Amino acid sequence: MRASQLFSPTLREVPADAEIISHRLLFRAGLVRKVAAGVYSYLPLGWRIHQKLAQIVREEMNAIGAQEMFMPVLVPRELLEESGRIGVDILFHQKDRNERDFILGFTHEEVVTDIVRNCVQSWKQLPMSLYQIQTKFRDEPRPRGGLIRGREFTMKDSYSFDLDEAGVTKSFEAHRSAYEAIFKRAGLDYLVVDADSGAIGGSQSNEFMILAESGEDTVLVCDTCGYAANAERAEIGGLLTTVAVGTGDAASTVVSTPGAHTVAEVCDFLGVPADKLIKTIIVQSGDQVVAALVRGDRELNLPKLGRVLGSPAELADAATVQRVTNALVGFAGPVGLSGIRIVLDAELADAADMVVGANENDAHRTGVTVGLDFMPTDVADIRTALAGDPCGKSGCSGRYSTAHGIEVGHIFNLGTRYSKVMGASVQMDTGEQRDIVMGCYGLGISRTVAAAVEAHHDDDGIIWPVSIAPYEVVLIVVNPKDDAQRGAAEQLYQELTNKGVDVLYDDRDERSGVKFKDADLLGYPVRVVAGRGVAEGMLEVVLRRDKANPSAVPISSATADIASLVAEEKGRLS
RNA sequence: CGGGGUGUAGCGCAGCCCGGUAGCGCACUCGCUUUGGGAGCGAGUGGUCGCCAGUUCGAAUCUGGCCACCCCGACCA
């Protein structure tokens, strides 16, 4: 491709609303343009990157025997009613001319399960994995970060169908290894972490994270055993599991704390540190209302609590808090609280002389000892793990550190969550009718493009891994009006192209500075310059990732040298 | 959904407080010069000032409503 013919609108400045680095660089480099909040167009070079990544994904999915297909964006509401997901709040709804309700596909479990239940009847047809690369639509409450969290984005989603738990485990592992191969080929350092399976259900769930400052997720990594988990999931080690029943007289006293309903206000008022407070958080989980207790300086982890309770937990509304505690939000406490479960964070199992809410307005209770002044119904690990906390893997004595990550892949063992309610089953050789055991496996293509930029850039622009770069080589002719320079460049361009090297030839009649700046910004892995050295029969070759160390290459051997340099770069990723 | 902020030329911004001919830089067009890190000089093109209403002789500017977008939080297959 010749740059003079290419539509590649690079910018010197960026709109003020682009905050995170990948958004700024993707925009400045002319790879994407915003159409609406969370909705983007890919310009030609951006689309090449997207296609290269999609092709890697395709090859690795095919390699584990998954079969590519294509499902529609329009999904009739009836299918989501069957699975019970019609109430999901991020769905885009669309009515047809007859007022029939369609959902724009946000993921395709129902659609693929519908196909399978109609077409698969026998155990002999399984196992099977199907996938597609498709645009997904999610009406995110808050799209952000350019391609990181869009309302319309591309995702590879695959679905596995097995006869039993052993089968789905095999499919799950196959996808895990395919994902590892994909991210390795894409030149991205990833971390596989234990994850919460959320509303999607299922037993086993791993996320693939690209570590980046701007990542929305916090991950905890053990410094000793290497265990890694999303903060929503990471368990804390070395915790007590029971409360010892205290002896003696309950000695707590109620003190007046007018207007103090936050932890900070109570600490200020009473002159105690936050770790001597117990926060009592009233939570709704399914039909039950529960009091969750964590130390004043800790954060309640709702997914963890939800797993303890058996259904997802959310903060109760103010009216419920009032009803349960007879007080405003901010004055709840475990002492004298009756009729509801009290879940105590395990860290507090032996806590003594604590401050809690008094269940009356403007009052707290001091000198509270667990097991003496009150008895919890459950003791469990329900707070969010922090850097420095002990690792939760049994037998490991390591400690966690934290990092931020961008979730680019998520793989789930779904069990029979969908097959059971939708009636997807096969007949076994025994004659038994058995629910199909499913897995689902998402990989955000557009998000991975953004994550790659987050992971690979410098002050001058993007540094693409060669496997997903818009072009492998950029060839700059410094002065196109110089016949020797232009002649050498033209010939090299032809030879490289003939040799199958993916080369962008910057033949524009621009000043050299413009071409160098654009080459840096666009991040082509290899840069070749036909400049003043041509007079001595030399070209300059340099790697984008090692820009300070150019080498001079004789024109006579340039084609072969550059081709082998590209091959070498590719080799680093396999 | 709560809090904060922004909408003026393709991009970045000033003008608004204190109403009176819409401005700057980049980009773009033409000419000449220039060619190893976003060139110089000269001459030009381009704007319903987010939308609707109101106040006023007169509104980018004041008032009200609406919309869009960004950030923080909530939320998040």
Side-chain angles (χ1 to χ4, degrees), chain A residues 9-20 23-24 27-30 33-39 80 83 85 87-91 103 105-110 136-146 148-151 153 155 157 159 195-202 205 207 214 216-217 230 232 302-303 312-315 317 407 409-412 414 417-418 440-444 447 459-461 476-482 485-486 506 508-522 527-535 538-540 542 547-548 550 552:
Chain A
T10 55
L11 294 173
R12 197 180 305 211
E13 293 174 299
V14 273
D17 61 19
E19 290 263 322
I20 72 166
H23 188 193
R24 297 174 72 87
F27 190 87
R28 265 194 72 201
R33 283 292 183 270
K34 186 169 74 181
V35 177
V39 180
L80 295 198
S83 67
R85 291 207 295 177
V88 171
D89 65 346
I90 57 159
L91 302 183
I103 278 69
F106 67 121
T107 174
H108 282 80
E109 281 79 5
E110 288 85 354
K136 296 287 191 265
F137 297 85
R138 296 181 186 177
D139 193 2
E140 293 284 349
R142 191 182 152 204
R144 70 186 104 183
I148 299 277
R149 178 174 294 267
R151 294 192 294 175
F153 57 95
M155 176 166 147
D157 48 321
Y159 306 90
D196 182 57
S197 49
I200 198 160
S205 164
E207 288 169 337
S214 59
E216 293 181 298
D217 288 285
N230 193 304
E232 294 173 346
L302 286 169
E314 57 182 3
L315 297 184
D317 57 33
E407 179 193 343
H410 201 162
I411 59 179
F412 297 86
L414 290 175
R417 160 75 179 82
Y418 293 90
C440 79
Y441 315 91
L443 194 158
R447 181 179 277 185
D459 289 345
D460 294 316
I476 292 175
V477 55
V478 171
N479 184 358
K481 289 185 178 141
D482 178 305
Q485 289 184 20
R486 183 168 194 106
D506 197 342
R508 292 175 300 168
D509 185 16
E510 290 281 356
R511 299 178 63 85
S512 57
V514 172
K515 291 185 269 198
F516 285 121
K517 290 288 186 188
D518 273 353
D520 288 350
L521 180 60
L522 263 320
R527 187 185 74 193
V528 181
V529 180
R532 54 191 169 216
V534 168
M538 303 298 277
L539 297 170
E540 178 193 280
V542 67
K547 206 151 57 93

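First the proteins, then the strands, lettered A, B, ... as listed; each starts at 1. This one's a predicted model, so the numbers in the text were calculated from it and none came from an experiment.
Rounded to a whole Å, the CG atom of A:Asp217 is 14 Å from the P atom of B:C75. Distance CG (A:Asp520) to C1' (B:G37): 8 Å, rounded to an integer number of Å. Here B:C70 presents its C1' atom at 16 Å from CD1 of A:Ile148, a figure rounded to the nearest Å. With rounding to whole Å, A:Arg151 atom CZ is found 18 Å from B:C76 atom P. Distance CG (A:Asn230) to C1' (B:C76): 12 Å, rounded to an integer number of Å.
As the counterpart of B:G31, B:C41 is assigned, both hydrogen-bonding distances of the Watson-Crick or G-U wobble pattern falling under 3.5 Å. The base-pairing partner of B:C24, taking Watson-Crick or G-U wobble contacts with both distances under 3.5 Å, is B:G12. Remark: B:C18 base-pairs with no nucleotide in the shown strands. Criterion, Watson-Crick or G-U wobble with two distances under 3.5 Å. For B:C1, the paired nucleotide is B:G73, the pair qualifying as Watson-Crick or G-U wobble because both relevant distances are below 3.5 Å. In a base pair of the Watson-Crick type (N1 to N3 plus N6-O4 or O6-N4) or a G-U wobble (N1-O2 and O6-N3), with each distance short of 3.5 Å, B:A60 is matched with no nucleotide. B:G7 and B:C67 make up a base pair, with Watson-Crick or G-U wobble contacts both under 3.5 Å. In a base pair of the Watson-Crick type (N1 to N3 plus N6-O4 or O6-N4) or a G-U wobble (N1-O2 and O6-N3), with each distance short of 3.5 Å, B:U48 is matched with no nucleotide.
Using a 4.0 Å heavy-atom cutoff across all strands shown, A:Asp518 reaches at least one base atom of the nucleic acid. Counting non-hydrogen atoms under 4.0 angstrom, A:Leu11 reaches a base of the nucleic acid.
A:Arg138 contributes no side-chain N or O that, together with a main-chain N or O of A:Arg151, makes up a donor-acceptor pair within less than 3.5 Å. With hydrogens and angles disregarded, no donor-acceptor distance shorter than 3.5 Å links the side chain of A:Arg486 to the backbone of A:Val477. With hydrogens and angles ignored, the 3.5 Å screen pairs a side-chain donor or acceptor of A:Arg33 with a backbone N or O of A:Phe27. Remark: side-chain polar atoms of A:Gln485 are paired, donor with acceptor, to backbone N or O of A:Asn479 under 3.5 angstrom.
Look at the C1' atom in both B:G3 and B:C51: the space between them is 25 Å, to the nearest Å. Comparing B:U61 with B:G23, their C1' atoms are spaced 15 Å from each other, to the whole Å. Comparing the P positions of B:A9 and B:G15 gives an interatomic distance of 15 Å, to the nearest angstrom. The gap from the P atom of B:G42 to that of B:A22 amounts to 26 Å, rounded to the nearest Å. Taking the P atom of each, B:C17 and B:U6 are spaced 15 Å apart, rounded to whole Å. B:G47 and B:A53: their C1' atoms are spaced 23 Å apart (whole Å). Comparing B:G50 with B:U8, their P atoms are spaced 6 Å from each other, to the whole Å. Only the C1' atoms considered, B:U63 is 7 Å distant from B:U55, to the nearest whole Å.
At a cut-off of 3.5 angstrom, counting only N and O atoms as typed in the model, there is no donor on one side facing an acceptor on the other between the side-chain of A:Arg28 and the base of B:G12.
Candidate nucleotides B:G38, B:C70, B:C76 were compared by shortest atom distance to the side chain of A:Lys517, and B:G38 ranks first. Distances were taken from every side-chain heavy atom of A:Arg149 (C-beta onward) to each of B:C70, B:C76, B:C75; the shortest belongs to B:C76.
Interatomic distance, A:Leu539 CG to A:Ile476 CD1, rounded to the nearest 0.5 Å: 12.0 Å. Taking CG from A:Asp520 and NZ from A:Lys515, the interatomic distance works out to 14.0 Å, rounded to the nearest 0.5 Å. Residue A:Ile148 holds its CD1 atom at 12.5 Å from CZ of A:Phe153, rounded to the nearest 0.5 Å.
Each of A:Leu302 and A:Lys34 was assigned the nucleotide of RNA chain B with the nearest heavy atom; the assignment lying further toward the 5' end belongs to A:Lys34. Between A:Phe27 and A:Ile90, the one whose closest nucleotide on RNA chain B sits nearer the 5' end is A:Phe27.
A pairwise comparison of heavy atoms in A:Leu521 and A:Leu11 identifies CD2-O, 4.3 Å as the closest pair.
Judged as a side chain to side chain donor-acceptor pair (under 3.5 Å), and not counting sequence neighbours, the contacts of A:Glu540 are A:Arg527. Take A:Glu140 and apply the side chain to side chain donor-acceptor pair (under 3.5 Å) test, not counting sequence neighbours, and it matches A:Arg149. Listed by chain and number, the residues in a side chain to side chain donor-acceptor pair (under 3.5 Å) with A:Asp157 are A:Gln132, A:Lys136, A:Tyr159 (sequence neighbours excluded).
Taking 4.5 Å as the limit, every side-chain heavy atom of A:Phe516 sits out of range of all side-chain heavy atoms of A:Lys547. Between A:Arg85 and A:Thr107, some side-chain heavy-atom pair lies under the 4.5 Å cut-off.
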Provide a list of protein-nucleic acid N or O atom pairs under 3.5 angstrom, restricted to nucleotides 71-74 of chain B.
unit_1	atom_1	unit_2	atom_2	d
B:C72	OP2	A:Arg142	NH2	2.2
B:G73	N7	A:Arg142	NH1	3.4

Taking only nitrogen or oxygen atoms into account, show me every contact under 3.5 Å that the protein makes with nucleotides 5-9 of chain B, one pair per line with its distance.
none

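A salt bridge does not link A:Glu109 with A:Arg417: none of the charged nitrogens is closer than 4.0 Å to a carboxylate oxygen.
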- Task: Could you run through nucleotides 23-36 of chain B and give me one letter per nucleotide, 5' to 3': B if any protein heavy atom sits under 4.0 Å from the base, S if only the sugar-phosphate is that close, - if neither?
- Result: --BSS------BBB
